[in-house]
Amino acid sequence: MPTRLSHLFLRTLRDDPADAEIASHKLLVRAGYIRRQGPGLFAWLPLGLRVKANVERVVREEMAAAGAQEVHFPALLPKEPYEVTGRWEEYGDGIFRLQDRKDADYLLAPTHEEVFTLMVKDLYSSYKDLPLTIYQIQDKYRDEARPRAGLLRGREFTMKDAYSFDATDEGLIASYQAQRDAYERIFARLGLDYVIVQADAGAMGGSRSEEFLHPSPVGEDSFVRSAGGYAANIEAFTTIAPPAIPLEGLPSAEVFDSPNTPTIESLVAFVNAEHPRADGRAWTAADTLKNVVLALTHLDGSRELIAVGLPGDREVDLARIEVAFAPAGVEAATEADFAKNKALVKGYIGPWATTGPVLGETGAARIRYFVDPRVVEGSAWITGANVHEKHALFVTAGRDFVAEGTIECAEVRAGDPAPDGSGPVDIARGIEIGHVFQLGRKYAEALGLKVLDENGKLVTVTMGSYGIGVTRIVAVIAEANHDDKGLIWPSEVAPFDVHVVATGKDDVVFDIAEQLVDGLEAAGADVLYDDRPKVSPGVKFGDAEIIGVPVILIVGKGAAHGLVELWDRRTGERTEVAISDAVDRITMKA
RNA sequence: CGGGGCGUAGCUCAGCUUGGUAGAGCGCUCGCUUUGGGAGCGAGAAGUCGCAGGUUCGAAUCCUGUCGCCCCGACCA
């Protein structure tokens, strides 16, 4: 049966909704695919549901081809499994929690590693049962601090999440590769550009992790890539450390007065004026060591001050630092923090003083100290002397101070060298549409998922988890496929194969249109039929454009002469065809 | 959580400075006309002006509080 526009639950809107910023959000609402229900919550209308179902169909087909089996878990789950793995606490405010009538704690699952693991533990106990990959397409819930951009970041969203279970490391690699390959096929079929980037695996506790990013200026993820093929999420980018310098013969550190130089800029100007370099080159911000005091908030709520040292020409990147300290939170230290720690002289902090080390657990400030990878042994810096209006020259790493370790704490810049030697990187924005993880044994260990191997020994299963954001993909496709008139769906996910528009006041056009609709349906096409009487052609054409079915068949003024028009929504091209040829032309195309 | 903005009809918004019976366009209903690019005329339905308190003879408008939403940042598999 064709879908008749006269009865379809749809109202297209002439104005952009006031709360929408990006094209996909505006158009999906205006074209009647979705409606907002609350912050980050959307209802799906008939058109939207069809597109979403098409995305899910592609995912299901490729999951099946990759040997994954579909299951379905509740979105509402008891907290216990999440307590065992620590995620009940780790998620903090990030999940929706609720109680039943007996006050037992539940959550709306943000992701399902725990219960998949437990289900496999319940049913399987032999290596012969593995490998196994199971998946579901299920709504997920996250209490996002700030939902935004319509479907791109919602608090309820549909995700395909797959989990692989293997007895061996080699098995995990194969299972991971099978999902990764499936993802490439899925995105190719959906016509979506993507870049596979190295991701930070730390938070999920795994060994290898890659994200599929769709490059887009509205994306929330920054990633870097080099012409030589390196690509990484900016949080996973690693800095090449320069070679260490032998300490012998290096000049000693010397403290100097530096009145009114609380910033890097003022300091550089001052040393160039008062302590110029012997070699004639001017000092730059990159010669200074900037020490920034941060506060970690650990899972138990305790607060720990730390310091990071990095070249003064770089800003700190808190997101990259978070990776190093996950799951602890990181924020800049407050005035109160400085007030409590007298050894930290704001504006003049350095790792070293004439009285000995200052930063570091054994230093005067008694806080842990980490440095950027560029701060290698033998590198000498201009840095704070821990006395108000005093700095020091030639403070040398490995001699005057020793850091607890190196961490990635500095911003990444376009032009920085890729760690694999493939050249300088540039920085772009992307939308995460898929993520594959080698989880390893973290969850299996915590939940006790073991199988007997061929020697009769119990071994812990190794796992992978693989996500695709289904609702997000609907938005991304809309974002990538529209013009100023409306949506333009790729045929694989379009809500209909063809949109038949009957226009005119003569009953003949409607009779001919009905026959064409029947013919198209008989040939297997999904048809949207604009059968509305007394609606002007302009309105019908406008609705066809905003709805975005790629193939439009206009039955109108030419119908009496045996002609209809084929309208390609993407190119705008209209072709007159004989009524008798119309069905074949369309179904061949589709 | 920090900064900014906004809450008035289904939607997009005006009115608020300077208090005096609630407005427009779109959409919706009915009638007539119109039918290849969001049509015309006429007649309608539709709003606790986010909420609560206060000032006042009188509050959408002024004051206080509060809730919500949007944007930027922070956060975010």
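Sequence lines set the chain letters: A, B, ... in the order given, protein chains first and strands last, and positions in each chain run from 1.
Annotation: of the two residues near RNA chain B, A:Ile546 and A:Pro533, the 5′-most nearest-nucleotide partner is A:Pro533. Mapped onto RNA chain B by nearest heavy atom, A:Gly469 and A:Ser536 fall at different nucleotides, with A:Ser536 at the one closer to the 5' end.
Nucleotide B:rA77 is matched to nothing when pairs are restricted to Watson-Crick or G-U wobble geometry with both distances under 3.5 angstrom. Taking a pair to require two hydrogen-bonding distances under 3.5 Å in either a Watson-Crick or a G-U wobble arrangement, B:rG58 remains unpaired. The partner of B:rG44 is B:rC28, by the rule that a Watson-Crick or G-U pair needs both atom distances under 3.5 Å.
Summarising the geometry, the separation between CG on A:Leu5 and C1' on B:rG38 is reported as 14 Å, rounded to the nearest angstrom. If you take CD of A:Glu144 and P of B:rA74, they are 15 Å apart, rounded to a whole angstrom. The nearest whole Å value for the distance from the CG atom in A:Asp143 to the P atom in B:rA77 is 14 Å.
Which of B:rC71, B:rU34, B:rG27 sits closest to the side chain of A:Glu21 comes down to B:rC71.
Of all the heavy atoms in A:Leu516 and A:Ile579, the pair that sits closest is CD2-O, 3.8 Å. Pairing each heavy atom of A:Asn233 with each of A:Ala199, the nearest pair is CB-CA, 4.3 Å.
The 12-atom threshold is not exceeded at CD of A:Gln69, counting heavy atoms of other residues, nucleotides or ligands nearer than 6.0 Å.
With hydrogens and angles ignored, a donor-acceptor pair under 3.5 angstrom links the side chain of A:Arg153 to the base of B:rC76.
The pair A:Arg532-A:Asp543 meets the salt-bridge criterion, since a charged nitrogen lies less than 4.0 angstrom from a carboxylate oxygen.
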